[in-house]
Amino acid sequence: MCGKFTAMASWAEVVAFSQPLTAERFKTKDVEDRELAYRVMSNVPMIVFDKRDGRRRALPMRWGYPDPRDWHRPRPIHARSESIETTRAFADSFALGHRGIVLMRSFNEAPDVEGPAVQHRITPEEGRVLAAAFLWRRFDTPSLLQPMVACVMVTVPANALIATLPTDRMPAFLAPEDWPVWLGEEDAGLDRVKACLKTVEGVRWTMTKEERRAKGTRAKPAVSDPTGLI
């Protein structure tokens, strides 16, 4: 399952692109060639709807709910869409509207086979981004001075492209018209909210194998945003 993705180069970029969702606005940015790589345990740029202010905001949230026995360990990191309203770890977040969106420029998948993971990068058409559905929660952790805000990625059955790896799951990507329902901007019953979580088929995505780094080499550091918060 997806454990890595790339996103835009700054938090301000995330908000600007989300309102409205247009590729043209994204292309005019002078940071269009920069991107961030996010992995499990990263603070991801989560778009949420602030009901008090009546607007969307981008907030940093750790990818991976804390393990009850050790908050350092991210477990779980994914939530299956089919049981999202009944699984104890996710039901409250889903019902209370603790739902968000992360904009991705690409995402990684690996085959569900034994041995070293062979990562494949999936990229949409140029100038487009993918809006992945997430859930989030606040966790009171005695050893931390303030609550931890953590999130999990929602997954759906793999589409025809991803299934060729082979793997049976992929991120749940939201259609632009479903954003207001998923974020809670629009009043909707939970059945309608859950209906936003669909496998995306018939897409023009490119899937390429990522080359493994030679031993002793280090990955280039990702570009970071010093603000951390809009």
Check: [Y] main-chain N/O paired with [X] side-chain donor or acceptor under 3.5 Å:
{"X": "His78", "Y": "Met170", "result": "no"}
{"X": "Thr87", "Y": "Ser83", "result": "yes"}
{"X": "Glu210", "Y": "Gln119", "result": "no"}
{"X": "Lys194", "Y": "Glu82", "result": "yes"}

Is the count of non-hydrogen atoms from other residues, nucleotides or ligands lying under 6.0 Å from Gln146 atom CD greater than 12?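 12 or below, so no.
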Taking CG in Asp53 as the centre, count heavy atoms belonging to other residues, nucleotides or ligands within less than 6.0 Å. Is the count above 12?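 Enclosed: over 12 neighbouring heavy atoms sit under 6.0 Å from CG of Asp53.
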Contact between [X] and [Y] at the side-chain level, heavy atoms closer than 4.5 Å - yes or no?
{"X": "Val154", "Y": "Phe134", "answer": "no"}
{"X": "Val149", "Y": "Phe139", "answer": "no"}
{"X": "Phe94", "Y": "Leu190", "answer": "yes"}
{"X": "Cys196", "Y": "Trp179", "answer": "no"}
{"X": "Met153", "Y": "Val102", "answer": "no"}

Consider only side-chain N and O atoms of Arg121 and Ser106, and report whether a donor and an acceptor are under 3.5 Å apart. yes
In terms of side-chain heavy atoms, does Arg80 have a donor or acceptor partner in Thr155 at a distance below 3.5 Å? no
If you look at every heavy atom in [X] and [Y], which pair is closest and at what distance?
{"X": "Arg62", "Y": "His72", "value": "NH1-O, 3.5 Å"}
{"X": "Asn159", "Y": "Ile162", "value": "OD1-N, 2.9 Å"}
{"X": "Ala150", "Y": "Gly64", "value": "CB-O, 3.5 Å"}
{"X": "Leu183", "Y": "Gly100", "value": "CD2-CA, 3.9 Å"}
{"X": "Thr167", "Y": "Ala158", "value": "O-CB, 3.4 Å"}
{"X": "Leu197", "Y": "Ala133", "value": "CD2-CB, 3.8 Å"}

What do the steps show when you test Lys198 against Asp178 for salt bridge (charged side-chain N to carboxylate O under 4.0 Å, His left out), and what is the final call? CA-CA 11 Å; Lys198 302 180 289 284; Asp178 290 335; 3.0 Å; yes
Could you measure the distance from the [atom1] atom of [X] to the [atom2] atom of [Y]? Nearest 0.5 Å is fine.
{"X": "Arg39", "Y": "Cys2", "atom1": "CZ", "atom2": "SG", "result": "11.0 Å"}
{"X": "Leu103", "Y": "Leu130", "atom1": "CG", "atom2": "CG", "result": "9.0 Å"}
{"X": "Asn43", "Y": "Met46", "atom1": "CG", "atom2": "CE", "result": "10.5 Å"}
{"X": "Met61", "Y": "Trp63", "atom1": "CE", "atom2": "CH2", "result": "15.0 Å"}
{"X": "Leu165", "Y": "His120", "atom1": "CG", "atom2": "NE2", "result": "5.5 Å"}

Thinking salt bridges, do [X] and [Y] make one under a 4.0 Å N-O criterion?
{"X": "Glu126", "Y": "Arg105", "value": "no"}
{"X": "Asp70", "Y": "Arg75", "value": "no"}
{"X": "Glu85", "Y": "Arg99", "value": "no"}
{"X": "Arg57", "Y": "Asp50", "value": "yes"}
{"X": "Glu185", "Y": "Arg56", "value": "yes"}

In a table with atom names and distances, give each donor-acceptor pair under 3.5 Å that connects a side chain of residues 199-206 to protein atoms at least two apart or in another chain.
residue: Thr199; atom: OG1; partner: Pro157; partner atom: O; Å: 2.8
residue: Glu201; atom: OE1; partner: Ala160; partner atom: N; Å: 3.2
residue: Glu201; atom: OE2; partner: Ala160; partner atom: N; Å: 3.4

Could you walk me through whether Ile122 and Asn108 pass the side-chain contact (heavy atoms from CB on, under 4.5 Å) check? CA-CA 6 Å; Ile122 297 91; Asn108 278 35; 6.0 Å; no
All side chain to side chain contact (heavy atoms under 4.5 Å, CB included) counterparts of Arg192, not counting sequence neighbours: Val181, Glu186, Ala188
Hphob cluster co-occupancy, Ile47 + Leu96, side-chain heavy atoms under 4.5 angstrom: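 Ile47 and Leu96: separate clusters.
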Taking the ring of Phe107 and the ring of Phe173, is the distance between their centroids below 6.0 Å?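 Ring centres of Phe107 and Phe173 closer than 6.0 Å.
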Using the side-chain hydrogen bond (donor to acceptor under 3.5 Å, both in side chains) criterion, which residues pair with Trp136? Sequence neighbours excluded. none
How far apart are the C-alpha atoms of Phe90 and Ser81, what are their side-chain angles, what is the distance that settles it, and do they pass the side-chain contact (heavy atoms from CB on, under 4.5 Å) test? CA-CA 10 Å; Phe90 314 127; Ser81 63; over 6 Å; no
